[in-house]
Amino acid sequence: FLPTKSLPKPVTNIDEYRAWIQNLHRPLVLTHIPKSLQKFLARMLAVDPGHRAPLQGFLSSDYYNDVLVRTLRYLDGLLQTDLKTRGQFLRQLPKVINLFDARSAEMKVLPKLLLQWKVADTRLMLFCVPAILKVAERMEVESFRKKIVPVLRKILEIKLPQFLYVVLSSFDMLIEKADEDVQQKVLVPILLSGLEFKEARLQQLAMRRIVETANANKFAYSALKTDVLPKIYRLAKGPGAAPVRAGALDALSNIFELFDKVTTLEMVLPAIEDSIKFGKSAVLLRSAIRLYANMGRVMGANVT
């Protein structure tokens with residue numbers, strides 16, 4: 001800052017100059033500075049070095065104790081921490097994402113998470129996904145396609161059940177953000193990957209997401225008929241765990257009305273008979289009877 005007044009003439013000694021400087025009383029305009037910082041910043045800008053607040057007091061201000069500021073500062077230095085510490089921090093991060101406004105989350109938090117993603121350590125990548133998807137909830141569609149879809153494509157390449165489970169847990173949000181091309185090329189394959197893994201919990205979650213998405217008319221009919229239905233049919237047919245086969249029949253019970261009559265007769269009805277060839281447990285029979293009853297109600301008793 002340059003003085004706006006002429007120097008007194010003559011300036012005979014340093015004390016006189018210091019006194020003149022102290023009397024300038026230049027106003028500090030801090031209206032755009034957070035209130036919790038204004039007091040310390042004003043003290044740090046005192047003309048006389050002896051009156052300036054120490055840096056430690058500045059860093060101990062309420063502003064720097066704010067959880068959002070501390071989160072950003074920790075993200076800035078995250079690559080310098082050990083893997084265990086990073087993992088612990090990233091697991092907790094989704095809890096504070098919504099404390100940021102949408103733009104700050106996208107512009108300040110997301111880039112740091114994507115940087116961690118590029119480290120290519122599978123464990124760290126997994127820890128990042130919930131926080132990335134949390135940020136994605138409030139992103140515009142164009143930003144979503146540019147920044148989040150590449151992450152989903154990478155998850156599809158990785159094909160580990162832990163990743164698929166996290167994505168399927170947020171599937172309703174993803175299907176809302178995705179255009180038809182992303183649905184067909186990314187989200188439907190993720191669903192199908194969830195069905196393919198022989199992990200009952202993941203398969204059942206994938207089937208629930210299929211039912212929810214199909215009944216909300218968010219699937220293209222061609223994808224539902226040619227990609228999704230054959231997978232569910234194969235799960236129902238078995239062999240496999242009875243709860244998974246029963247879950248497949250329950251899924252068919254909830255979506256068969258979306259298909260034309262020929263498809264229903266050729267793909268849905270045979271699934272009931274095929275499913276009980278590998279065992280007739282109570283849970284499987286209940287699901288088979290429920291599907292028979294629903295089809296009879298809609299299509300007539302003669303069909304079933």
Derivation and outcome, side-chain contact (heavy atoms from CB on, under 4.5 Å), residues M125 and V129: CA-CA 6 Å; M125 294 168 75; V129 175; 5.6 Å; no
Residue pairs, two or more places apart or on separate chains, that pass salt bridge (charged side-chain N to carboxylate O under 4.0 Å, His left out) and touch residues 187-197: E196-K231
Considering residues at least two apart in sequence or located in another chain, which fulfil the side-chain contact (heavy atoms from CB on, under 4.5 Å) criterion with K146? none
side-chain hydrogen bond (donor to acceptor under 3.5 Å, both in side chains) with R145: which residues, sequence neighbours excluded? D179, D181
Look up atom CE in M139 and atom CD1 in I132, then write down how far apart they are to the nearest 0.5 Å. 10.0 Å
Assess the residue pair T264 and V298 against the criterion (side-chain contact (heavy atoms from CB on, under 4.5 Å)); give the C-alpha distance rounded to whole Å, side-chain angles, the decisive distance to 0.1 Å, and a yes or no. CA-CA 11 Å; T264 302; V298 174; over 6 Å; no
For a quick test of your reading: what N or O donor-acceptor pairs under 3.5 Å do the side chains of residues 162-176 make, sequence neighbours left out?
{"from": "Y165", "atom 1": "OH", "to": "R201", "atom 2": "NH1", "distance (Å)": "3.3"}
{"from": "S169", "atom 1": "OG", "to": "Y165", "atom 2": "O", "distance (Å)": "2.8"}
{"from": "E176", "atom 1": "OE2", "to": "K218", "atom 2": "NZ", "distance (Å)": "2.5"}

Name all pairs fulfilling the salt bridge (charged side-chain N to carboxylate O under 4.0 Å, His left out) condition that reach into residues 79-97, sequence neighbours left out, sorted by first residue then second. none
Only one of D227, L191, L187 passes side chain to side chain contact (heavy atoms under 4.5 Å, CB included) with F219, and that residue is L191
Any non-hydrogen side-chain atom of F259 less than 4.5 Å from a side-chain atom of M267? no
To the nearest 0.5 Å, atom CG of N215 lies from atom CG of N217 at 8.0 Å
Dump the intermediate steps for side-chain contact (heavy atoms from CB on, under 4.5 Å) on L229 and L224, then the final yes or no. CA-CA 6 Å; L229 181 58; L224 192 61; over 6 Å; no
Validation row: I155, L160 side chains within 4.5 angstrom (heavy atoms): no
side-chain hydrogen bond (donor to acceptor under 3.5 Å, both in side chains): which pairs involve residues 239-250, sequence neighbours left out? D250-S287, D250-R290
Identify, with sequence neighbours excluded, every residue that meets side-chain hydrogen bond (donor to acceptor under 3.5 Å, both in side chains) alongside N294. S253
Does a side-chain heavy-atom distance below 4.5 Å link V211 with M207? no
Sub-3.5 Å donor-acceptor pair from the side chain of T213 to the main-chain atoms of I210, do we have one? no
Do the non-hydrogen side-chain atoms of P243 and Q204 ever get within less than 4.5 Å of each other? yes
Keeping to residues at least two apart or across chains, list the side-chain hydrogen bond (donor to acceptor under 3.5 Å, both in side chains) pairs with something in residues 102-113. D76-K112, D101-S104, E106-S143, E106-K147
Counting neighbours of CD on E212 that are heavy atoms of other residues, nucleotides or ligands and sit closer than 6.0 Å, is the number greater than 12? yes
Would you indicate whether the side-chain heavy atoms of L252 and Y233 approach each other to under 4.5 Å? no
Quick test of your reading: applying salt bridge (charged side-chain N to carboxylate O under 4.0 Å, His left out), list the pairs with at least one residue in residues 130-142, sequence neighbours left out, ordered by first then second residue. K134-E137
Would you check if L291 and F256 make a side-chain contact, meaning some heavy-atom pair closer than 4.5 Å? yes
From K159 NZ over to S193 OG, what is the distance, rounded to the nearest 0.5 angstrom? 4.0 Å
Please identify each residue that fulfils side-chain hydrogen bond (donor to acceptor under 3.5 Å, both in side chains) with N98, with sequence neighbours left out. none
Hydrophobic cluster membership, with links at side-chain heavy-atom distances under 4.5 Å among I/L/V/M/F/W/Y: are L93 and M107 in one? no
Taking only residues two or more places apart in sequence, or in another chain, which ones meet K177 in a side-chain hydrogen bond (donor to acceptor under 3.5 Å, both in side chains)? none
Just to verify, what does F89 make a ring pair (Phe, Tyr, Trp, His ring centres under 6.0 Å) with, not counting sequence neighbours? Y74
Assess whether side-chain contact (heavy atoms from CB on, under 4.5 Å) is satisfied between V283 and R286, documenting all intermediate values. CA-CA 5 Å; V283 64; R286 279 197 300 270; 3.9 Å; yes
